[in-house]
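Below, each value reflects all heavy atoms present in this structure, side chains not excepted, and no hydrogens, waters or symmetry copies.
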Number of protein chains: 2
Amino acid sequence: MNHSGDIVKKLTERGYRLTPQRLMTIAAIEHSDGHISAEEIYAQVVSKYPHVNISTVYRTLELLKQLGLVTDTDFGEGRVRYHPVGKGHHHHLVCQECGATVDLDETALTPLKDVLLREYGFSADLRHLAIFGRCGKCGS
Amino acid sequence: MNHSGDIVKKLTERGYRLTPQRLMTIAAIEHSDGHISAEEIYAQVVSKYPHVNISTVYRTLELLKQLGLVTDTDFGEGRVRYHPVGKGHHHHLVCQECGATVDLDETALTPLKDVLLREYGFSADLRHLAIFGRCGKCGS
DNA sequence: TTTGTAATTGCAAAACCTTGCAATAAGCCG
DNA sequence: CGGCTTATTGCAAGGTTTTGCAATTACAAA
């Protein structure tokens, strides 16, 4: 498991510049509970660096996503939430009826990943998914 | 397998009103190749009924989605594409490197669906998914 | 430490989708 | 057919995210 600072290290390794905007965006993600929205990140960044633009936050998030350092997940809230890959791998079951969410271990998706690789030669990026449906309490 | 007209039938059965806006939106979906965007639907509707508003198209799509008559799938294009459920069930593997997409049979997701139901009592709505990753040609 | 260069940012605008509200019209009933 | 009720629509505004472009700045190299 990675720890705080890993994202910064990987950015420098790959030759990306360490701007204050990027550092603060990364800090917000790493210090979050692991499911933070762009707006929430932006609020934290602005509180210490008022003239930062939210589009810079979005561009940093896009970069981190491309580099495989964060995942973005749509929980059906009308906005996406970000998760540092280093903070552990899991998925979510989201009930569309009552809104309840249950964590799902990474291994639940492993068989599917293996089948896609074996039968289609396709390396699926199945990280931090939100799977929608109906939970037991809400019936079939 | 359903055929054209099924969506309209189900709407009336459930007591929804058959407005011209809805009928034209439904026709556009049913006559499409099965992966049509809201903007494309809207263009078709407007060509015959110029004063229709795109928010009405979106509301109809949301309704059809709730009723399980269409699926909406994000292929990573910045907009969602709609598919009439009656036109057959399948998924897509989308290569994030070269953009190639491969169809995947519905059955590939059945084991996962079964596990979620058995072990979590969760009835997952795994219809017409886009699974992102890297295809064989683009390497692991 | 200064300079040069190209990556990065801020800003403004736009794309996609949703929502509140008053006006409209579908379908029921007489 | 005509009126009634309430679902549905159009409009305008707003939320989330992306993008083009000129200005800025991180970092490498002198």
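- The side chain of B:Asn53 lies closest to D:dG10 when the candidates are D:dC27, C:dC17, D:dG10.
- Side chains of B:His35 and B:His128: a donor-acceptor N/O pair is present below 3.5 angstrom, by distance only.
- Across all strands shown, A:Ile54 has no heavy atoms under 4.0 Å from either base or sugar-phosphate atoms.
- In this structure, B:Thr19 reaches the D:dT9 phosphate: one of its side-chain N or O atoms is under 4.0 Å from OP1 or OP2.
- B:Ser55 comes within 4.0 angstrom of a nucleotide base, judged by non-hydrogen atoms across all strands.
- For the residue pair A:Phe122 and B:Ile131, the shortest heavy atom distance occurs at CZ-O, 3.6 Å.
- Across the interface with DNA chain C, nearest-nucleotide mapping of B:Tyr16 and A:Arg22 shows A:Arg22 to be the residue nearer the 5′ end.
- In this structure, the nucleotide among C:dC16, C:dT8, D:dG10 sitting nearest to the side chain of B:His51 is D:dG10.
- With rounding to whole Å, B:Arg81 atom CZ is found 11 Å from C:dC16 atom P.
- B:Gln66 and B:Glu62 share a donor-acceptor pair across their side chains, judged by distance under 3.5 Å alone.
- Projected onto DNA chain C by closest heavy-atom contact, B:Pro20 and B:Val80 fall at different nucleotides, the more 5' of which corresponds to B:Val80.
- With C:dA26, D:dT17, D:dT9 as the choices, the nucleotide that has an atom nearest any side-chain atom of A:Tyr58 turns out to be D:dT17.
- In this structure, A:Glu39 reaches the sugar-phosphate backbone alone: every heavy-atom distance under 4.0 Å involves primed, P, OP1 or OP2 atoms, never a base.
- If you check distances only, the side chain of B:Arg59 does reach the base of C:dG20 with a donor-acceptor pair under 3.5 Å.
- Rounded to an integer number of Å, the gap from A:Arg14 CZ to D:dA26 P is 22 Å.
- The closest side-chain donor-acceptor pair between A:His92 and A:Asp103 falls under 3.5 angstrom.
- Straight-line distance from the CD atom of A:Gln21 to the P atom of C:dC11: 11 Å, rounded to whole Å.
- Judged by atom type and distance alone, B:Arg17 reaches the base of D:dT6 through a side-chain donor-acceptor pair under 3.5 Å.
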